[in-house]
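For the numbers below, each heavy atom of this structure counts, side chains included, while hydrogens, waters and symmetry mates do not. In what follows, chains are A, B, ... by sequence order, proteins preceding strands, each numbered from 1.
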Number of protein chains: 2
Amino acid sequence: MADVAAEAHVSVKTVSRVVNHEPGVRPDTAERVKAVIERLGFRRNDGARLIRQGRTFTIGLVVEDLANPFYSQIGAAVEREARIRQHQLITASAEGSPTRERAVLEALIARRVDGIVVVPAGETPSADPTVEASGTPIVYMDRPVRGATNDTVLSDNQGGVRSAVEHLVAHGHRHIAFLGDDPGFWTARQRRESFVSTHRALGLPGPPRVSMGPHTTTSIRDLLAVWAHDSDPTTAVITGNNRVTLAALHAMRDLRVSLSMVGYDDFELAGLLDPPVTVVHQDPAAMGQKAAQQLFARLLGDESAPQTVVMATRLIVRASGTRRGGPAR
Amino acid sequence: MADVAAEAHVSVKTVSRVVNHEPGVRPDTAERVKAVIERLGFRRNDGARLIRQGRTFTIGLVVEDLANPFYSQIGAAVEREARIRQHQLITASAEGSPTRERAVLEALIARRVDGIVVVPAGETPSADPTVEASGTPIVYMDRPVRGATNDTVLSDNQGGVRSAVEHLVAHGHRHIAFLGDDPGFWTARQRRESFVSTHRALGLPGPPRVSMGPHTTTSIRDLLAVWAHDSDPTTAVITGNNRVTLAALHAMRDLRVSLSMVGYDDFELAGLLDPPVTVVHQDPAAMGQKAAQQLFARLLGDESAPQTVVMATRLIVRASGTRRGGPAR
DNA sequence: TTGAAAGCGATACCAC
DNA sequence: GTGGTATCGCTTTCAA
């Protein structure tokens with residue numbers, strides 16, 4: 001900038017005015033400056049600018065794994081919101097490790113990002129007191145952090161599972177099993193609880209059949225074999241997420257059985273399988289968008305009390321939930 | 001930092017030394033400074049640090065759409081390489097628009113990112129001369145940019161399609177059709193050309209049946225109907241990518257036909273369909289990793305001539321490529 | 001071992 | 001309209 005000023009015989013301040021389209025520069029002066037800028041290929045250094053302004057026009061996103069469709073859809077949505085608002089997005093994977101998550105958060109805060117959206121790795125706050133003290137607005141997604149007073153965007157896990165159970169019951173199923181993921185995950189526990197309570201509420205017979213993960217095709221195969229030879233054979237299965245759905249589909253194919261099923265999380269090709277798979281759909285893109293919007297509201301000075309938003313899920317009915325095969329008719 | 005210095009009764013320089021673990025500070029002084037840092041919750045402002053050092057320890061990634069699995073896998077790989085090297089990653093979607101791509105590149109360069117990995121939206125360089133003049137290392141991925149002298153990481157489109165054709169021929173197919181994507185894409189054209197030349201090289205009968213996209217389930221359904229009633233009915237289909245594979249599967253289901261098929265791009269659940277789908281697998285994660293490694297090599301001072309690396313594809317044989325149904329036996 | 005002062009590249013404030 | 005100068009928060013240089 002100093003070079004441009006010298007070359008154009010003006011002060012740096014005037015160059016700055018031109019670059020930032022500030023008023024109060026004579027048109028011909030502005031032209032002269034612009035010409036020099038062009039000639040010298042000058043480009044404002046935003047880094048320097050930002051240290052002066054205190055804001056970096058950058059937000060951070062911390063997730064478990066960017067390659068996972070659930071997170072990448074969130075990422076795309078957050079990036080979009082950022083771009084619209086002339087902000088840039090720094091993304092980081094914590095790979096499920098609270099330690100790494102914390103390191104990543106520290107790095108983002110050292111960069112003075114204006115705010116952060118994070119899908120927390122654990123349920124206890126991983127940010128240390130210093131991070132908290134930085135005052136950087138943080139919005140949590142998908143799972144809450146214990147004791148945190150931040151904006152949080154969750155999905156309606158309970159409602160999602162309830163709709164799955166109700167759907168199966170409406171199609172005549174009475175013996176439904178739930179295959180959940182690792183109960184270490186808050187979402188997995190939420191879904192399990194909802195299954196159990198809905199099971200009870202609808203007066204389904206017997207104790208609820210529940211098996212929490214982590215599951216593999218093999219583990220599910222064994223379970224299905226046991227449940228099938230029960231006196232009241234299981235006729236339908238609800239899975240706790242994407243991964244379990246996949247394992248369950250493999251297991252059923254291996255066993256050559258075709259129980260009814262409702263999967264948690266929609267997936268491409270769900271409609272192409274035989275039968276097409278009915279699923280509970282959470283909308284990661286909508287969740288990401290919502291979280292980013294919350295964050296930007298804070299950046300714009302919204303001082304209202306922290307909000308927790310629960311996003312609705314939607315049952316996408318295909319065919320796998322309807323009754324078929326089995327002993328009854 | 002000045003606050004810490006004042007509080008600890010040392011100079012800012014000493015604080016700086018402590019923060020950066022530079023040698024030449026008496027242990028007890030260091031301790032004192034650390035205590036104050038802790039107490040005040042001081043955190044170095046990396047933004048300020050970086051303007052002094054000239055490097056930002058940040059790289060950029062520009063793709064079409066982060067939600068697309070192909071790109072998100074690239075993103076995850078690039079982020080990983082960056083993280084390993086203590087760099088942060090700014091990701092941006094250009095949404096297929098060269099204009100937006102250019103705006104995004106300009107923004108990254110204004111931030112003085114150390115380097116950029118980009119999956120170019122078009123084949124003509126979208127970076128203007130000023131961007132080029134910035135000297136920021138750029139690595140292109142997936143498709144080349146005309147006239148650019150940058151490192152480029154491509155996938156072996158030709159080899160991929162060739163392996164698909166050969167596989168089908170080995171299973172007795174002689175009448176194979178190619179359903180490509182929009183020929184506006186360089187990759188789509190590459191694959192078409194390879195299909196045509198392999199068709200010729202293997203001496204398959206008749207002119208090669210090729211239809212380029214964009215395709216929909218409907219357009220493919222119509223094509224299959226026509227090709228089926230030919231005097232030499234098509235017995236196998238090769239698709240040009242993910243999207244086309246999906247449309248083709250839907251079309252075949254609608255028509256209740258089951259031609260043999262090899263899809264381009266692997267997809268989750270390919271193994272669960274009936275029959276399991278044989279595919280040509282490109283490895284986006286490996287491509288992203290390679291590109292990032294190339295970039296970092298440049299950042300470390302590698303001055304060798306720009307390289308173009310072509311990554312191998314792999315045929316994942318399931319069952320959809322074997323002969324079944326149809327007139328011959 | 002420590003510190004004072006200059007400088008990085010911009011913006012803010014206040015004169016002129 | 002335009003420019004000088006202090007300043008942002010840190011590192012670099014060099015002297016003590």
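Counting only heavy atoms from C-beta on, B:R52 has its side chain closest to D:dT12 among C:dG9, D:dT12, C:dT2. You'll find that the side chain of B:I51 is closest to C:dC8, out of C:dT11, D:dT2, C:dC8. Residue B:N45 places its side chain closer to D:dC10 than to any other of D:dC10, D:dC8, D:dT11. Distance from the side chain of A:K13 is smallest to C:dA12 among C:dA12, D:dG9, D:dT13. If you check D:dG1, D:dT12, C:dA10 against the side chain of B:Q53, the one that comes closest is D:dT12.
Nucleic acid contact class of B:V19 (heavy atoms, under 4.0 Å, all strands): none. Across all strands shown, B:D46 has no heavy atoms under 4.0 Å from either base or sugar-phosphate atoms.
Between A:F296 and A:H87, the angle of the ring planes goes over 60°, which puts this pair in the perpendicular group of the 30/60° scheme.
Heavy-atom neighbours of A:E38 CD from other residues, nucleotides or ligands within 6.0 Å: at or below the threshold of 12.
Between the P atom of C:dG9 and the CZ atom of B:R111 lies a distance of 17 Å, rounded to the nearest Å. Atom CG in B:L50 sits about 9 Å away from atom P in D:dT11, given to the nearest Å. The distance from atom CZ of B:R55 to atom P of D:dT11 is 15 Å, rounded to the nearest whole Å. We find that CZ of A:F57 is positioned 12 Å from P of C:dT11, with the value rounded to whole Å. We find that CG of B:D3 is positioned 13 Å from C1' of D:dC8, with the value rounded to whole Å. Atom CZ of A:R32 and atom P of D:dT2 are 8 Å apart (whole Å). To the nearest angstrom, P of D:dT2 lies 13 Å from CD of A:E31.
A close approach under 4.0 Å does not occur between any side-chain nitrogen or oxygen of A:S11 and OP1 or OP2 of D:dG4. Close to D:dT2, at under 4.0 Å from its OP1 or OP2, lies a side-chain N or O of A:T29. Applying the 4.0 Å criterion to OP1 and OP2 of D:dT11, one finds that B:S16 has a side-chain N or O inside that range. Taking side-chain N and O atoms only, B:T14 has a distance below 4.0 Å to OP1 or OP2 of C:dG3.
Taking 3.5 Å as the limit, the base of D:dT11 and the side chain of B:R49 contain no donor-acceptor pair of atoms between them. A donor and an acceptor atom sit less than 3.5 Å apart, one in the side chain of B:R17 and one in the base of C:dG3.
With rounding to the nearest 0.5 angstrom, the CZ atom of B:R112 is 10.0 Å from the CZ atom of A:R44.
Comparing B:R112 and B:P23, the nucleotide of DNA chain C nearest to each residue sits closer to the 5' end for B:P23.
A cation-pi arrangement is absent between B:R143 and B:F185, since the terminal nitrogen or guanidinium carbon is not both under 6.0 Å from the aromatic centre and inside a 45° cone about the axis.
For the residue pair A:D65/A:S93, the side-chain donor-acceptor check at 3.5 Å is not satisfied.
The two residues B:V153 and B:M311 have their closest heavy-atom pair at CG1-CG, 3.9 Å.
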